[in-house]
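Some notes on the structure that comes next.
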2 protein chains.
Amino acid sequence: MSVDPTADRPVYQQVADILRDRIRTGELAPGQLLPSEPHMVDEFGVARSTARQALAVLRGEGLVVTVPRRGTVVRPRADAEIVTLVPGQEAEARMPSPDERRRLKIPEGVPVFVVKRPGQEPEVYPADRTRLRAADEQ
Amino acid sequence: MSVDPTADRPVYQQVADILRDRIRTGELAPGQLLPSEPHMVDEFGVARSTARQALAVLRGEGLVVTVPRRGTVVRPRADAEIVTLVPGQEAEARMPSPDERRRLKIPEGVPVFVVKRPGQEPEVYPADRTRLRAADEQ
DNA sequence: GCCCATTTGTCCGTATGTATA
DNA sequence: TTATACATACGGACAAATGGG
């Protein structure tokens with residue numbers, strides 16, 4: 001459960017692995033605060049920059065959200081609204097632009113759906129609050 | 001076209017903005033190498049760690065891919081295979097786990113589609129090579 | 001095959017700013 | 001006011017692998 005600086009795997013990845021595992025097992029539940037950066041410095045014996053690097057990995061995976069001066073919490077699951085895809089319509093997924101992230105309040109590590117409807121502007125939906133569903137047959 | 005350390009916007013974001021713009025305008029085309037980190041140190045007058053932070057932003061957006069000892073290139077667009085969603089089926093999008101990234105060779109900043117088919121394991125598709133399409137009516 | 005310059009990866013330390021409790 | 005915690009930015013150092021000559 002600790003970190004080995006001589007191991008092949010980078011230390012920041014080892015730290016990320018440990019935290020990811022605590023999330024996966026539920027030891028760290030959604031909404032719960034992860035250890036603070038200074039605490040991780042003590043607990044794992046790494047530099048603060050290394051601890052931050054580990055958190056950046058988890059943010060990129062969409063597992064956690066960091067709030068300045070508060071801490072880093074396990075990302076809570078939002079209720080997903082269902083967007084219906086009518087026959088023939090297509091959707092893609094990608095990371096949002098900085099502008100989209102601001103407008104739609106999308107945290108790091110959360111993609112968007114882009115739904116293309118003929119003759120209209122594509123519609124963008126945050127994937128943490130949206131599921132796609134193909135329309136039922138009549 | 002340059003960086004202002006006294007501005008409100010963080011320097012690494014300013015650098016990311018400049019590079020993002022060069023990509024958007026086509027000045028940096030898909031497949032093309034971005035300036036190396038040491039080059040950015042010279043060009044923008046920032047520390048290497050700051051240049052790296054800017055590149056990390058762009059990787060997180062899925063705009064660029066960094067290859068160790070090669071450099072960072074504008075992510076080339078892959079041909080997208082179409083996955084059909086039959087009526088009633090649902091799909092979500094999220095960032096891949098480290099394991100999925102290895103298995104499916106997914107670069108940073110690229111999400112996956114997860115298609116839920118009743119009575120089967122969910123199927124995972126890299127979103128840079130996949131589009132979803134609702135099945136046509138008969 | 002060998003050397004060397006280039007380039008990214010990792011890890012550390014320090015410092016300052018700023019908002020919160 | 002003080003302590004806490006994250007954000008930003010700088011700097012240095014070494015490792016490792018690639019590619020050119």
Side-chain angles (χ1 to χ4, degrees), chain A residues 2-20 28 31-61 63-75 98 101-102 107-109, chain B residues 2-20 28 31-61 63-75 98 101-102 107-109:
Chain A
S2 192
V3 159
D4 174 15
T6 72
D8 258 8
R9 189 151 177 83
V11 172
Y12 75 93
Q13 290 283 7
Q14 294 181 46
V15 174
D17 290 345
I18 292 171
L19 297 174
R20 195 186 298 107
L28 288 170
Q32 194 174 341
L33 219 50
L34 273 68
S36 75
E37 291 169 4
H39 185 281
M40 289 168 60
V41 171
D42 291 343
E43 177 175 359
F44 300 118
V46 299
R48 190 182 152 214
S49 47
T50 303
R52 282 181 65 74
Q53 209 175 348
L55 293 177
V57 169
L58 301 180
R59 277 196 302 272
E61 295 172 10
L63 293 181
V64 303
V65 177
T66 297
V67 183
R69 279 147 248 113
R70 277 300 190 63
T72 299
V73 300
V74 181
R75 184 158 68 79
R101 286 193 50 203
R102 272 191 304 273
E108 255 186 271
Chain B
S2 191
V3 159
D4 174 13
T6 73
D8 256 11
R9 189 152 178 80
V11 172
Y12 75 91
Q13 289 284 6
Q14 295 181 47
V15 174
D17 290 345
I18 292 171
L19 297 174
R20 193 186 298 108
L28 287 170
Q32 195 175 339
L33 267 175
L34 274 67
S36 74
E37 292 168 6
H39 186 280
M40 291 169 59
V41 171
D42 290 343
E43 177 176 359
F44 299 118
V46 299
R48 188 183 155 213
S49 47
T50 303
R52 283 180 64 75
Q53 208 175 347
L55 292 178
V57 168
L58 301 180
R59 277 196 301 271
E61 295 172 9
L63 293 181
V64 303
V65 177
T66 297
V67 183
R69 278 147 250 111
R70 276 298 192 66
T72 299
V73 301
V74 182
R75 185 157 67 81
R101 287 194 47 205
R102 272 191 305 273
E108 255 186 272

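Below, chains carry the letters A, B, ... as their sequence lines are ordered, and counting in each starts from 1. As the structure is a prediction and not an experimental result, all values here were calculated from the model.
Summarising the geometry, atom CD belonging to A/Glu108 is positioned 11.5 Å from atom CZ belonging to A/Arg75; distances are rounded to the nearest 0.5 Å. Rounded to the nearest 0.5 Å, atoms CG (B/Leu55) and CD (B/Gln53) are 10.5 Å apart.
Looking at A/Arg48, its side chain has no donor and acceptor atom pair within 3.5 Å of the base of D/dA5.
Look at CD on A/Gln13: it is 14 Å from C1' on C/dC11, rounded to the nearest Å. What separates CG of B/Leu58 from P of C/dT8 is a distance of 14 Å, to the nearest Å. If you take CD of B/Glu37 and C1' of D/dC10, they are 15 Å apart, rounded to a whole angstrom. In this structure, the CD atom of A/Gln14 is 18 Å from the P atom of C/dG9, given to the nearest Å. Counting to the nearest Å, the P atom of C/dT7 and the CE atom of B/Met40 are 13 Å from each other. Between B/Glu108 atom CD and C/dG9 atom P there is a gap of 9 Å when expressed in whole angstrom units. What separates CG of A/Asp4 from C1' of C/dC11 is a distance of 15 Å, to the nearest Å. Atom C1' of nucleotide D/dT8 and atom CG of B/Asp8 are separated by 13 Å, given to the nearest angstrom.
Projected onto DNA chain C by closest heavy-atom contact, A/Arg9 and A/Pro68 fall at different nucleotides, the more 5' of which corresponds to A/Arg9.
OP1 and OP2 of C/dC11 both lie 4.0 Å or more from every side-chain N or O belonging to A/Tyr12. Between D/dT4 and A/Arg70, no contact under 4.0 Å exists linking OP1 or OP2 to a side-chain N or O. OP1 or OP2 of C/dT7 lies within a sub-4.0 Å distance of a side-chain N or O belonging to B/Ser36.
Distance from the side chain of A/Ala47 is smallest to C/dG13 among C/dT8, D/dC6, C/dG13. Listed nucleotides: C/dC11, C/dC12, D/dA9. Nearest to the side chain of B/Thr50: D/dA9. Residue A/Arg69 has its side chain nearest to D/dC6 when only C/dC11, D/dC6, C/dT8 are considered.
The two atoms that bring B/Glu61 and A/Pro98 nearest to each other are OE2-CG, 3.4 Å, heavy atoms only. Considering every non-hydrogen atom in both A/Val11 and A/Pro5, the closest pair reads CG2-CA, 3.9 Å.
Within the 4.0 angstrom heavy-atom criterion, base atoms lie near A/Arg52. Here A/Ser49 lies in heavy-atom contact (under 4.0 Å) with a base.
For the side-chain contact (heavy atoms from CB on, under 4.5 Å) criterion with A/Met40, the lone passing option out of A/Ile18, A/Val3, A/Thr50, A/Leu19 is A/Leu19.
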